[in-house]
Amino acid sequence: MSKFRFAFVLGAAIFILMGCIGGASPQENIYDVLEETVAKEDQYVEVQKPLQGLEKKEKEIYGEIMNLGMKEFDKIVKLSDDALKNISERTEYIEKERKAMKEAKETFSDLDGFISELEDDKLKSEAGKLEMTMKERYKLHEELTDSYLHALSQDKKLYELFKKKELTMEELEKQITSINDAYDKTIKLNEEYNTKTEQFNKLKQGFYSTAGIEVEEKE
């Protein structure tokens with residue numbers, strides 16, 4: 001009985017004025033790291049649509065089960081098995097998402113060395129804020145992932161309960177409460193993560209502007 005998760009993504013940009021005589025500047029190297037980080041997160045972006053589709057499907061299954069009586073127990077078991085398969089598929093997508101974010105985080109770690117090469121104090125300050133905000137974003141994503149996987153484990157327990165003929169209303173209500181608590185935490189973390197992503201995108205554009213890096217946003 002999942003509640004929908006929606007994730008904001010990093011804005012990608014194309015450098016218009018590439019290259020300088022004498023090699024790339026620290027600003028340009030920072031640009032390269034930032035945009036490579038965005039590219040590494042593509043796989044994370046790709047899982048969002050199928051993940052949301054699976055969430056919607058599982059919500060429909062839950063609704064079907066709740067409309068059935070115990071006389072239709074065989075159908076409840078079949079639907080519960082479908083939901084358990086759905087949860088397994090979502091877990092796989094979340095693990096793919098986690099892997100993509102880990103790779104992006106590793107790419108982003110190269111930023112620190114180029115920040116130290118910046119001579120302009122304003123640029124260095126803005127780049128430092130960028131770095132701090134992204135680190136906070138990655139920390140939130142890890143917490144969000146853990147919370148979502150915990151919520152899925154609670155969903156799994158619910159569908160296993162549905163397959164018990166002797167299921168009591170007290171057991172059902174207790175498990176539904178656990179699920180709601182788990183998803184409330186996930187939704188809160190998701191909102192915080194999206195806010196941090198928006199902050200990062202604004203800081204990135206501000207840095208590009210201060211650095212004189214002309215970019216155009218990708219569609």
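Glu198 is not listed as a side-chain neighbour of Asn201, based on a closest heavy-atom distance of 4.5 Å or more. No side-chain heavy atom of Glu58 sits under 4.5 Å from any side-chain heavy atom of Leu152. Considering only heavy atoms from C-beta on, Tyr208 comes within 4.5 Å of Leu34 through its side chain. At least one side-chain heavy atom of Tyr62 sits less than 4.5 Å from a side-chain heavy atom of Phe162. Within the 4.5 Å cutoff, side-chain heavy atoms of Ile187 are placed close to those of Glu191.
Using a 4.0 Å cut-off between a side-chain N of Lys or Arg and a carboxylate O of Asp or Glu, Glu95 and Arg98 qualify as a salt bridge. Ion pairing between Glu170 and Lys174 fails under the 4.0 Å rule for side-chain N and carboxylate O. Of the charged side-chain nitrogens involved, at least one lies within less than 4.0 Å of a carboxylate oxygen, so that Glu171 and Lys164 count as a salt-bridged pair. Between Glu92 and Lys96 there is no salt bridge, since no side-chain nitrogen of the basic residue lies less than 4.0 Å from a carboxylate oxygen of the acidic one. In this structure, Lys59 does not pair ionically with Glu64, as no charged nitrogen and carboxylate oxygen lie closer than 4.0 Å. Look at Asp120 and Lys124 and you find no salt bridge, because none of the NZ, NE, NH1 or NH2 atoms lies under 4.0 Å from a carboxylate O. One finds no salt bridge joining Lys40 and Glu46 here, because no Lys/Arg side-chain nitrogen approaches an Asp/Glu carboxylate oxygen to under 4.0 Å. A salt bridge links Lys188 to Glu192: at least one charged side-chain nitrogen sits closer than 4.0 Å to a carboxylate oxygen. At a threshold of 4.0 Å, the pair Asp155-Arg90 counts as salt-bridged, since one of the basic side-chain nitrogens sits closer than that to a carboxylate oxygen.
Here the CZ-CG distance, from Arg137 to Asn194, works out to 9.0 Å after rounding to the nearest 0.5 Å. Note: Ser88 OG to Tyr93 OH = 11.5 Å, rounded to the nearest 0.5 Å. Interatomic distance, Lys85 NZ to Ser80 OG, rounded to the nearest 0.5 Å: 15.0 Å. Note that CG of Leu130 is 10.5 Å distant from CG of Leu123, once rounded to the nearest 0.5 Å. Rounded to the nearest 0.5 angstrom, Ile94 CD1 and Leu51 CG are separated by 4.5 Å. Within the model, atoms CD1 of Ile65 and NZ of Lys163 stand 10.5 Å from one another, a figure rounded to the nearest 0.5 Å.
Between the side chain of Ser125 and the backbone N or O of Asp121, no donor-acceptor pair lies under 3.5 Å. Under the 3.5 Å distance criterion, the side-chain polar atoms of Ser153 are matched with a main-chain donor or acceptor of His150. Under the 3.5 Å distance criterion, the side-chain polar atoms of Asn67 are matched with a main-chain donor or acceptor of Gly63. Between the Ser209 side chain and the Gln205 main chain, no donor and acceptor come within less than 3.5 Å of each other. The main-chain N or O of Met101 is never found under 3.5 Å from a side-chain atom of Glu41 such that the two would form a donor-acceptor pair.
The two residues Ile115 and Gly128 come nearest to each other via the heavy atoms CD1-N, 4.3 Å. Thr37 approaches Met134 most closely through the heavy-atom pair CG2-CE, 3.9 Å. In this structure, Leu172 and Met66 approach most closely via the heavy-atom pair CD2-CE, 4.4 Å. What you find for Leu167 and Leu161 is that their closest heavy atoms are CD2-O, 3.7 Å. Residue Leu79 comes nearest to Ile61 through the heavy atom pair O-CG2, 3.4 Å, listed as atom of the first residue, atom of the second, then distance. Of all heavy-atom pairs spanning Ile87 and Lys156, the tightest one is CD1-N, 3.6 Å.
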Verdict with reasoning, Asn29 to Asp110, per side-chain contact (heavy atoms from CB on, under 4.5 Å): CA-CA 10 Å; Asn29 286 328; Asp110 293 338; over 6 Å; no
Glu28/Ser25 under side-chain contact (heavy atoms from CB on, under 4.5 Å): CA gap, chis, key distance, verdict: CA-CA 5 Å; Glu28 291 170 343; Ser25 67; 3.4 Å; yes
Side chain to side chain donor-acceptor pair (under 3.5 Å) evaluation trace for Gln43 with Glu103: CA-CA 10 Å; Gln43 190 173 356; Glu103 290 176 356; over 6 Å; no
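When Asp81, Asp74, Asp82 are each tested for a salt bridge (charged side-chain N to carboxylate O under 4.0 Å, His left out) with Lys78, only one passes: Asp82.
Applying the salt bridge (charged side-chain N to carboxylate O under 4.0 Å, His left out) rule to Glu126 yields no partners; only residues at least two apart in sequence or on another chain are considered.
Between the side chains of Glu136 and Gln199, no donor-acceptor pair of N or O atoms lies under 3.5 Å.
Ring geometry for Tyr44 versus Tyr193: interplanar angle over 60°, hence perpendicular rather than tilted (30 to 60°). Using the six-membered ring where Trp is involved, Phe108 and Phe200 have ring planes that are perpendicular, over 60° apart on the 30 and 60° scheme.
Met132 and Leu118 fall into different hydrophobic clusters, where Ile, Leu, Val, Met, Phe, Trp and Tyr residues are linked whenever their side-chain heavy atoms come under 4.5 Å apart, directly or through other members.
Crowding of Lys105 atom NZ: a count of heavy atoms from other residues, nucleotides or ligands under 6.0 Å not exceeding 12.
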